[in-house]
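First up is the structure itself, then whatever we jot down about it.
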Amino acid sequence: MQYVIIGNSAAGVSAAEVLRKADAECDITIVSEEEYRVYNRPLIARYMGGEIAEEKLWYRPDRFYEDKRIHLYKDTQAVRIDPKEKYIFLSNDDRLPYDRLLLATGAQPFVPPMEGLESHPNFHTFLELKDAKLVKESVSEETEAAILGAGLIGLEVAEELRHYTKQAVHVVELAPRLLPTICNTAASEILKQAMEAEGVVFHLENTVTRVEGSRLHLKDGTVLPSKVFIAAVGIRANVKLAQTAEIEINRGIVVNSRMETSASDIYAAGDVITTVDPVTGKPAAISLWSAAYAQGQCAGKNMAGQSTDYSPVPMVNDIAFFGVHVISALASNIEDPEARIYEQRWDDEYRRVAVKEGRLLGLLAISSGEKASGVTKKFRKALSEKSISQELLDDLLAVGE
Ligand SMILES: Cc1cc2nc3c(=O)[nH]c(=O)nc-3n(C[C@H](O)[C@H](O)[C@H](O)COP(=O)(O)OP(=O)(O)OC[C@H]3O[C@@H](n4cnc5c(N)ncnc54)[C@H](O)[C@@H]3O)c2cc1C
């Protein structure tokens with residue numbers, strides 16, 4: 001059996017591991033556009049900021065591919081699929097036959113149109129280790145930095161850049177709050193104040209309308225000098241390759257619970273697929289390392305003939321900036337007129353619980369220090385409960401003194 005996997009990250013590597021375990025004799029090939037062996041993508045900002053050494057980034061040991069007998073094409077793009085003859089065509093002019101193919105091509109950064117962007121001397125997106133290395137090499141104590149986007153990646157990059165530069169780091173965001181898909185106004189305000197105290201300057205409800213060399217012109221007339229300019233406004237599923245095989249796409253690749261696409265013997269997993277939001281029931285992209293890994297495992301099992309369904313488990317996400325934790329689960333900032341919203345604030349601690357018909361719709365907390373790990377535990381417990389009792393609600397809302 002010949003298995004080909006496109007993408008050498010969480011989803012692709014977990015699938016390859018499952019395939020090797022299931023079948024000691026099969027051929028496994030991974031094709032990767034990137035030049036590195038598999039690394040922990042969520043850590044690249046911490047690496048850029050010098051918090052993590054390069055050795056700590058590698059997700060599997062040096063000998064991983066040799067030990068698992070996986071043939072890895074690095075620095076190579078898969079450019080076209082022929083689903084009838086079952087071939088995949090590579091940028092180096094090789095043509096690989098496959099029996100079963102996995103598309104684990106992840107996501108690509110979205111860059112909104114900005115007049116004059118090409119004139120900026122040091123513009124980056126921030127999705128790959130290559131980007132992290134370029135930014136790391138180009139910053140110093142005197143660097144004036146600007147970031148477009150106050151989402152997870154934008155805020156992480158802002159914090160890490162503050163480790164280098166004595167200058168303020170500017171973050172420009174179209175929405176009126178930070179982490180707009182996770183936070184409500186109250187949570188955002190606490191986080192914003194904490195980050196401002198660390199030298200991050202926010203320009204909310206604003207955007208970059210024009211770039212003139214290293215000068216950024218904002219919508220409100222502000223002009224920001226920026227030796228380095230990073231766009232972190234969001235990602236889009238990387239569906240280019242799937243389109244060459246006319247696979248069904250709805251923003252991301254559409255898969256069933258076995259991770260099968262609309263084309264026979266072609267599977268997809270990770271950030272490239274569209275999944276269903278457990279709360280709203282609408283198509284959604286879940287950009288989480290652990291979800292990509294679990295989907296890759298599921299795809300690998302089905303590719304190996306072990307019929308398995310992927311059932312997403314609601315998870316608690318804990319992200320921290322300058323020691324302030326944003327802990328969230330389900331639709332954390334949901335505004336549903338039929339939902340009951342319970343909130344509690346004490347000092348810089350904040351809790352929000354959204355409940356509808358006795359069912360949890362969303363959990364959100366801002367917490368620091370030892371309290372944060374307690375909140376994560378409580379949220380995990382709440383997700384495992386079938387209904388919300390008053391006792392559980394009181395416990396979730398307790399902010400402590
Ligand atoms: C800075 C940053 C911080 C993050 N922080 C967190 C976090 O705290 N927690 C969390 O859960 N998640 C986090 N994420 C998200 C997480 O990294 C992703 O959800 C995860 O990497 C998705 O894995 P994947 O295997 O689907 O795809 P990806 O990791 O995107 O990998 C896809 C790979 O496929 C390659 N590829 C694409 N097209 C082709 C082609 N045609 N030919 C060959 N190769 C191709 C790409 O180059 C890439 O290497 C973060 C991401 C970033 C960038």
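- By the 4.0 Å N-to-carboxylate-O rule, Lys133 lies close enough to Glu54 to be salt-bridged with it.
- In this structure, Glu349 does not pair ionically with Arg345, as no charged nitrogen and carboxylate oxygen lie closer than 4.0 Å.
- Salt bridge present: Arg352 and Glu335 bring a charged side-chain N and a carboxylate O closer than 4.0 Å.
- At a threshold of 4.0 Å, the pair Glu357-Arg359 does not count as salt-bridged, since none of the basic side-chain nitrogens sits closer than that to a carboxylate oxygen.
- Residues Phe229 and Asn122 fail the side-chain proximity criterion, which asks for heavy atoms closer than 4.5 Å.
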Chi angles and distances behind the side chain to side chain contact (heavy atoms under 4.5 Å, CB included) call for Val228, His124: CA-CA 8 Å; Val228 60; His124 304 274; 3.9 Å; yes
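- Looking at heavy atoms from C-beta onward, Tyr310 lies out of side-chain contact with Gln297 at the 4.5 angstrom threshold.
- With salt bridges taken as basic N to acidic carboxylate O contacts below 4.0 Å, one links Lys378 and Asp395.
- No option in Asp94, Asn92, Thr29 other than Asp94 meets the side chain to side chain donor-acceptor pair (under 3.5 Å) test with Tyr73.
- Ion pair Glu34/Arg41 flagged as a salt bridge, since at least one NZ, NE, NH1 or NH2 atom sits closer than 4.0 Å to an Asp/Glu carboxylate oxygen.
- Contact of the Tyr350 side chain with the Gln344 side chain is not registered, since no non-hydrogen atoms from C-beta on lie closer than 4.5 Å.
- A heavy-atom distance below 4.5 Å is not found between the side chains of Arg351 and Glu343.
- Using a cut-off of 4.0 Å between Lys/Arg side-chain N and Asp/Glu carboxylate O, Lys74 and Glu33 are scored as not salt-bridged.
- Taking the charged nitrogens against the carboxylate oxygens, Arg162 and Glu159 have no contact shorter than 4.0 Å, which rules out a salt bridge.
- Salt bridge absent: Arg258 and Asp309 never bring a charged side-chain N and a carboxylate O closer than 4.0 Å.
- Checked against Met303 for a side-chain contact (heavy atoms from CB on, under 4.5 Å), the options Asp23, Asp265, Leu19 give a single hit: Leu19.
- By the 30° and 60° cut-offs, the orientation of the rings of Trp58 relative to Tyr36 is tilted.
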Checking side chain to side chain donor-acceptor pair (under 3.5 Å) for the pair Asn302/Gln306: CA distance, chi angles, key distance, verdict? CA-CA 5 Å; Asn302 285 303; Gln306 304 166 1; over 6 Å; no
